[in-house]
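Written below as structure tokens is the structure these notes are about.
Indexing begins at 1, ligand by ligand and atom by atom, following the structure's order. In this text, all values refer to a predicted model and were calculated from it rather than measured experimentally.
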Amino acid sequence: MSCDSLIGVYDSGVGGLSVLRAIRDALPYESLLYVADSAHVPYGDKTQDFVLQRAYAMADYFVSRQAKAMVVACNTATAAAIAPLRARHPDLIIIGVEPAIKPAAHLTHSGVVGVFATTGTLASPKFATLVQREAPEVRIVLRPCPEWVALVEQGRLSGPDVDAAVRAPVEELRAAGADVLVLGCTHFPFLRDAIQAAAGPGVPLLETGAPVARWLKHQLLQRDLLRNGDRSHGDRSHGEPPSATCTLETTGYAPAVAALAERLWAPGVEVAETPARWR
Ligand code: DGL
């Protein structure tokens with residue numbers, strides 16, 4: 001493993017592309033490999049053990065590709081698997097994502113914070129501990145939204161049916177007094193416009209892509225594993241090409257994921273199938 005090794009990023013499906021975008025923006029010189037575990041989406045209603053086994057498979061795959069770091073771009077998988085994953089791969093930098101409870105607790109004026117996430121995330125002991133630690137004085141109102149994951153996986157991001165699917169959960173938490181809303185699932189930033197419209201213009205919608213990317217950069221720097229170009233962000237005088245490579249793979253049906261990634265990532269993007277052993 002060296003500075004030039006890749007960074008593996010995965011999610012149950014395409015949601016983690018919201019995190020991948022923040023990573024690419026923060027670290028344009030790194031080689032990135034994203035795996036959409038689409039053969040097993042959604043994770044939100046699976047058992048903790050199932051999500052853990054998939055995390056092991058993804059980590060083993062990234063290690064087989066000599067990755068220097070791995071980002072679990074999924075709140076559900078982070079809640080279910082991050083500690084055992086770190087125990088299994090102590091030499092690998094492993095970064096997870098968690099709902100933005102701490103910044104939400106600072107921002108709220110009403111003292112009520114709304115959280116949208118998967119059933120798995122909201123039911124996890126890790127989420128309960130996070131709330132207890134970061135927001136003991138705040139009332140947290142929760143709404144699992146598996147139907148929002150399905151919308152994004154179907155590429156339905158706007159239109160009357162999306163507005164209708166988003167409206168009731170948002171109104172429910174707003175009616176409970178929430179003045180800050182946490183998007184605690186990496187799929188949900190792709191529905192941001194619809195959620196914002198339902199919540200009202202001034203209501204903060206918090207996601208975690210950018211802080212996760214900053215934390216990843218910090219960890220790479222600490223271990224001297226950051227590629228040169230990213231050390232002095234903004235200074236491109238050293239001549240390395242930005243965004244060395246960014247490869248997308250899926251454990252599911254590649255043409256279907258490519259059609260989605262066209263809209264969620266970049267036009268013309270190619271998606272390959274992850275080798276069968278890891279699917
Ligand atoms: N995007 C994932 C998360 O952040 C998982 C969604 C799902 O597969 O249910 O929780």
Inset, instruction - Ignoring hydrogens and angles, tell me if any N or O in the side chain of Trp278 forms a donor-acceptor pair with the backbone of Phe62 under 3.5 Å. - result: no

Legend entry - Salt bridge present between Asp60 and Arg277 (N-O < 4.0 angstrom): no

Legend entry - Sidechain-backbone polar pair: Arg279 side chain, Ala39 backbone, donor-acceptor under 3.5 Å: no

Legend entry - ligand 1 contact on Asn75 by region, counting heavy-atom pairs under 4.0 Å: both

Inset, instruction - Identify, for atom 9 (O) of ligand 1, the protein heavy atom at the shortest distance, and state residue, atom and that distance. - result: Gly44 N, 2.8 Å

Inset, instruction - Could you tell me if any non-hydrogen atom of Pro42 lies under 4.0 Å from any atom of ligand 1? - result: yes

Inset, instruction - For residues Phe116 and Val170, determine if any side-chain heavy atom of one lies less than 4.5 Å from a side-chain heavy atom of the other. - result: yes

Legend entry - Charged N-O contact under 4.0 Å between Lys68 and Glu30: yes

Legend entry - Protein residue, atom and distance nearest to atom 7 (C) of ligand 1, heavy-atom basis: Tyr43 N, 3.4 Å

Legend entry - Main-chain N/O of Ala100 paired to Thr208 side chain as donor or acceptor, under 3.5 Å: no

Inset, instruction - Go through ligand 1 atom by atom and flag the ones less than 4.0 Å from a non-hydrogen atom of Asp11. - result: 1 (N), 2 (C), 5 (C)

Legend entry - Shortest protein contact, atom 10 (O) of ligand 1 (heavy atom only): Thr76 OG1, 2.6 Å

Legend entry - For ligand 1, the portion of Thr118 having any non-hydrogen atom under 4.0 Å away: side chain

Inset, instruction - Give the contacting part of Cys74 toward ligand 1: side chain, backbone, both or neither, where contact means a heavy-atom distance below 4.0 Å. - result: both

Legend entry - Student check: side-chain heavy atoms of Val14 and Glu153 closer than 4.5 Å: yes

Legend entry - Element-labelled atoms of ligand 1 that are located less than 4.0 Å from some non-hydrogen atom of Ser12: 5 (C), 6 (C), 7 (C), 8 (O)

